[in-house]
Amino acid sequence: MSIKLEKVVQTFYENLEKGKITAKRCTKCGAVEFPPVYACNSCGCWDMEWIEISGKAKMHSIVMPAALSSKPEYKALGKYAYGEVEIEEGARLNAVVRGITKKKRKEILEKGLLPVPCHASIYQRDGYKTVVFDLDEE
Ligand SMILES: [Zn+2]
């Protein structure tokens, strides 16, 4: 099981190198898992297929990173926050969302704008690519 899970993770990163953000879709119930997992969390089915996601997403909650705990490697991201993100295909995850300042967060919360639209981007880290989200420009 763990070896197969590693294979899933490996394919996910290989797809990122090709510029594709991929998720796994259950062939039985249609649930989409992102980040991809080996078996469907909704029905337990192991028959999952790769799909490319549109990148469209909504941010449901905003948590500012604590100044002391923010890792140096995240400095390159610029202004960002953590939040619960729901991709268009239906999966929810906790992700890094760029373009959020404390002021922006306050504005979003005061105006009751949640969930706010955002989109997935491929981000180059040291030696590998990962997925972050960017707040959509108004
Ligand atoms: Zn399923």
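All ligand and atom numbering here is 1-based and tracks the order in the structure.
Counting only distance, with no hydrogens or angles, the side chain of Thr27 and the backbone of Asp47 share a donor-acceptor pair below 3.5 Å.
Between the CZ atom of Phe133 and the CG atom of Leu93 there is a distance of 5.0 Å, given to the nearest 0.5 Å. For the atom pair CG (Asp136) and NZ (Lys58), the distance works out to 11.0 Å, reported to the nearest 0.5 Å.
Around the Zn ion (ligand 1), the protein contributes the following N, O or S atoms at distances under 2.8 Å: Cys26 SG, Cys29 SG, Cys40 SG, Cys43 SG.
Applying the salt bridge (charged side-chain N to carboxylate O under 4.0 Å, His left out) rule to pairs touching residues 24-46 yields Arg25-Glu49, sequence neighbours excluded. A salt bridge (charged side-chain N to carboxylate O under 4.0 Å, His left out) check over residues 108-132, counting only residues at least two apart or in different chains, returns the pairs Glu17-Lys129, Glu73-Arg125, Lys106-Glu110, Glu107-Lys111. For the salt bridge (charged side-chain N to carboxylate O under 4.0 Å, His left out) condition, the pairs that include at least one residue of residues 89-102, sequence neighbours left out, are Glu84-Arg92, Glu86-Arg92, Arg98-Asp134.
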